[in-house]
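Following: one structure in structure tokens, then a few remarks.
No hydrogens, no waters, no symmetry mates; every other heavy atom, side chains included, goes into these values.
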Amino acid sequence: MAFSYPRFNGDTNVEDHARSFLNVWNANHVSQRFLEAEAHTSKIVEFGLTLDKRAACWHAQLNIAVFTSFDQLQSAILCFFHRSIPQCEIYSIRQLQQESVVDFSLRF
């Protein structure tokens with residue numbers, strides 16, 4: 001391979017890893033004329049080689065044969081390693097018509 005694949009262990013951003021993997025895979029295989037099914041198989045196999053630690057354990061427990069496209073594997077890893085952002089409440093405030101700027105700023 002001309003370009004090294006990025007490594008993912010479950011601690012970094014999974015979306016960035018998947019995007020980087022696809023970029024490197026495309027660069028490494030640009031001269032090959034894969035059929036679509038062959039390309040997906042190659043991506044599925046090579047993606048597993050980019051995983052370390054917790055991500056490698058997760059991958060080892062998968063039945064890779066059920067994935068017919070890389071998109072399915074990508075969805076699975078994105079779902080499993082997605083970092084949820086805590087929900088926060090968003091407020092909207094507005095200055096009252098008869099309220100001065102000073103009074104408004106003192107309210108909050």
Side-chain angles (χ1 to χ4, degrees):
M1 297 286 153
F3 300 101
S4 298
Y5 284 115
R7 305 300 296 173
F8 179 72
N9 62 17
D11 293 332
T12 56
N13 187 316
V14 68
E15 289 101 355
D16 290 344
H17 176 73
R19 191 176 316 107
S20 296
F21 167 78
L22 287 174
N23 288 338
V24 173
W25 187 92
N26 286 325
N28 285 336
H29 298 285
V30 71
S31 64
Q32 297 172 333
R33 302 284 184 216
F34 282 129
L35 297 173
E36 187 175 350
E38 293 172 327
H40 282 293
T41 301
S42 175
K43 289 175 189 175
I44 290 168
V45 170
E46 292 180 37
F47 187 76
L49 302 175
T50 70
L51 305 176
D52 290 326
K53 298 180 183 176
R54 194 168 67 117
C57 291
W58 170 82
H59 186 266
Q61 295 174 12
L62 294 177
N63 179 5
I64 295 300
V66 301
F67 296 108
T68 57
S69 74
F70 178 74
D71 298 335
Q72 292 173 335
L73 177 60
Q74 184 177 3
S75 293
I77 196 166
L78 290 175
C79 182
F80 189 81
F81 286 101
H82 178 73
R83 294 187 186 274
S84 61
I85 299 171
Q87 296 291 325
C88 61
E89 295 182 26
I90 298 174
Y91 295 94
S92 174
I93 59 172
R94 191 174 2 163
Q95 182 179 356
L96 300 174
Q97 217 171 23
Q98 69 276 10
E99 189 174 35
S100 71
V101 173
V102 173
D103 291 340
F104 174 73
S105 63
L106 292 176
R107 258 197 306 152
F108 302 98

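Criterion: ILVMFWY side-chain heavy atoms under 4.5 Å apart, direct or through other members. Under it, V30 and L22 are not part of a common hydrophobic cluster. Hydrophobic clustering, with ILVMFWY side chains joined whenever heavy atoms are under 4.5 angstrom apart, groups F3 together with F21. Residues F70 and V66 share a single hydrophobic cluster, defined by chaining ILVMFWY side chains whose heavy atoms lie under 4.5 Å apart. Both I64 and Y5 are members of a single hydrophobic cluster when ILVMFWY side chains are connected at heavy-atom separations under 4.5 Å.
Of the inter-residue distances, the one linking E38 atom CD with R33 atom CZ reads 13.0 Å to the nearest 0.5 angstrom.
Contact detail for L51 and A56: the closest heavy-atom pair is O-CB, 3.7 Å. Considering every non-hydrogen atom in both I44 and T68, the closest pair reads CD1-C, 4.5 Å. Among all heavy-atom pairs drawn from D52 and R7, the shortest one is OD1-NH2, 2.5 Å. For E15 against L78, the heavy-atom pair with the smallest separation is CG-CD2, 3.7 Å.
When side chains are defined from C-beta on, S42 counts as touching W25, because their heavy atoms get closer than 4.5 Å.
By the neighbour-count criterion of 12 heavy atoms within 6.0 Å, atom CD of Q32 is densely surrounded, having more than that number from other residues, nucleotides or ligands.
Results of the ring pair (Phe, Tyr, Trp, His ring centres under 6.0 Å) test with F47 over H17, H40, H59 single out H17 as the only residue that passes.
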